[in-house]
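The figures here come from the full heavy-atom set of this structure, side chains too, leaving out hydrogens, waters and symmetry mates. Residue numbers count from 1 along this sequence.
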Amino acid sequence: MDNDLQKYAQIPLKQISNRVWRTYSGGALIDKWKKDSPEVDNSFPEEWIMSTVTARGKNRPEDEGLSKVETKDGLMPLKDLIENNKELFLGKKVAEKFGSTGVLIKMLDSQERLTIQVHPDKTYAKDILNSSFGKTESWYVLNTREIDGEKSVVYMGFKKGVTREKWEELFVNQDIEGMLNSLHKIEVKIRRCFYDLWRCTPCYWKRMFPNGSTGTY
């Protein structure tokens with residue numbers, strides 16, 4: 001334990017920009033929101049906030065995704081500060097229950113169709129992904145895009161009558177339209193909030209910005 005680092009628990013710290021590489025493109029609306037110029041779509045469509053976890057990407061930097069803060073001792077990963085004294089930086093209850101912040105906040109802006117996702121519960125995450133967290137998520141919509149006449153939507157949860165066998169058939173055949181037609185399609189509006197509890201519920205966002213998501217990526 002480094003006693004010199006504990007002083008940073010008592011003062012506000014500024015996080016530097018933490019854009020993260022992803023397999024889809026976007027990000028121009030994050031530039032606009034931050035008043036950065038130029039406003040461009042590229043392979044860094046997410047900004048991670050208060051992150052103590054790394055992103056997973058082939059041939060990407062090992063520390064990508066970790067939030068770094070400015071201190072008098074130079075740039076420092078938020079994770080290192082917290083691990084120096086978890087109870088001091090997180091509070092006793094959070095430190096004992098999670099051992100970390102237990103949350104990952106993202107700003108997300110996609111300019112293309114995202115994949116259909118299935119969110120793991122804690123047991124699956126621990127056994128298969130070596131993670132202590134499942135993936136309960138919540139989203140607050142700050143802005144939307146309309147591209148080629150299509151408005152921003154979310155596909156979330158199965159429609160009535162979709163069976164395990166039917167979904168497996170669609171998946172094996174990679175019938176994308178069939179899978180999308182099996183899910184509820186909801187047009188998103190600014191200042192709306194959505195909540196998805198981890199229960200292996202398919203959830204898919206299409207061109208919406210940005211979100212705050214909890215759990216691990």
Side-chain angles (χ1 to χ4, degrees), residues 1-2 5-6 8-9 12-27 30 34 42-71 74-110 114-140 142 194-201 203-205 208-217:
M1 183 180 296
D2 188 341
L5 297 181
Q6 296 180 31
Y8 294 122
L13 298 171
K14 182 180 179 180
Q15 176 186 304
I16 65 170
S17 181
N18 189 23
R19 296 292 282 270
V20 178
W21 181 90
R22 300 282 82 184
T23 57
Y24 66 92
S25 63
I30 297 179
K34 295 174 65 177
N42 53 33
S43 296
F44 294 84
E46 298 181 9
E47 174 92 22
W48 288 19
I49 302 169
M50 283 181 57
S51 171
T52 58
V53 297
T54 55
R56 298 182 180 183
K58 188 176 181 180
N59 299 323
R60 298 299 305 166
E62 291 185 359
D63 64 347
E64 185 168 33
L66 288 176
S67 293
K68 297 179 180 179
V69 295
E70 296 177 347
T71 75
L75 285 179
M76 192 169 298
L78 177 64
K79 180 180 180 181
D80 290 358
L81 286 178
I82 292 174
E83 290 184 347
N84 179 255
N85 190 325
K86 294 179 181 180
E87 185 172 327
L88 180 63
F89 281 92
L90 299 175
K92 186 176 181 178
K93 290 184 178 181
V94 174
E96 290 179 349
K97 185 174 183 179
F98 299 111
S100 72
T101 61
V103 64
L104 173 59
I105 303 171
K106 299 180 185 180
M107 309 297 290
L108 184 154
D109 170 34
S110 172
L114 300 185
T115 58
I116 297 172
Q117 302 175 24
V118 178
H119 295 169
D121 60 17
K122 288 187 176 182
T123 301
Y124 185 95
K126 186 67 175 179
D127 293 344
I128 305 300
L129 304 176
N130 193 30
S131 171
S132 299
F133 299 95
K135 198 177 183 185
T136 295
E137 292 194 358
S138 62
W139 304 272
Y140 185 77
L142 297 181
F194 295 84
Y195 178 76
D196 180 38
L197 179 66
W198 53 259
R199 285 178 180 167
C200 289
T201 302
C203 184
Y204 154 67
W205 285 96
M208 58 82 56
F209 153 86
N211 80 345
S213 63
T214 65
T216 59
Y217 190 84

* Check step by step if side-chain contact (heavy atoms from CB on, under 4.5 Å) holds for Ile30 and Arg19. => CA-CA 10 Å; Ile30 297 179; Arg19 296 292 282 270; 3.7 Å; yes
* Decide side-chain contact (heavy atoms from CB on, under 4.5 Å) for Met76 and Leu13; before the verdict, give the C-alpha distance in whole Å, the side-chain angles of both, and the deciding distance to 0.1 Å. => CA-CA 10 Å; Met76 192 169 298; Leu13 298 171; over 6 Å; no
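For Asp63, the side chain to side chain donor-acceptor pair (under 3.5 Å) partners two or more places apart in sequence, or in a different chain, are Lys68. Legend: residues meeting salt bridge (charged side-chain N to carboxylate O under 4.0 Å, His left out) with Glu70, ordered by chain and number and at least two apart, are absent. Partners of Lys79 by side chain to side chain donor-acceptor pair (under 3.5 Å), not counting sequence neighbours: none found. For the salt bridge (charged side-chain N to carboxylate O under 4.0 Å, His left out) test, no residue two or more places apart in sequence or in another chain qualifies with Asp80. Ser25 is linked by a side chain to side chain donor-acceptor pair (under 3.5 Å) to Gln111, Glu112, counting only residues two or more places apart in sequence or in another chain. In this structure Thr23 satisfies the side-chain contact (heavy atoms from CB on, under 4.5 Å) test together with Trp21, sequence neighbours excluded. With sequence neighbours left out, Ser17 forms a side chain to side chain donor-acceptor pair (under 3.5 Å) with Lys34, Glu47.
Counting heavy atoms from C-beta on, the side chains of Gln6 and Asn84 come closer than 4.5 Å. Residues Met107 and Ile49 meet the side-chain proximity criterion, which asks for heavy atoms closer than 4.5 Å.
Side-chain atoms of Ser51 come within 3.5 Å of backbone atoms of Gly65 as a donor-acceptor pair (strictly under, hydrogens ignored). Here the side chain of Thr101 pairs a donor or acceptor atom with the backbone of Val103 at under 3.5 angstrom. Asn18 places a side-chain N or O within 3.5 Å of a backbone atom of Trp48 that can act as its donor or acceptor partner.
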Exercise answer: donor-acceptor pairs, residues 86-98 side-chain atoms, under 3.5 Å, sequence neighbours excluded:
unit_1	atom_1	unit_2	atom_2	d
Lys86	NZ	Gly99	O	3.4

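Around the CG atom of Asn130, the shell of radius 6.0 Å holds no more than 12 heavy atoms that belong to other residues, nucleotides or ligands.
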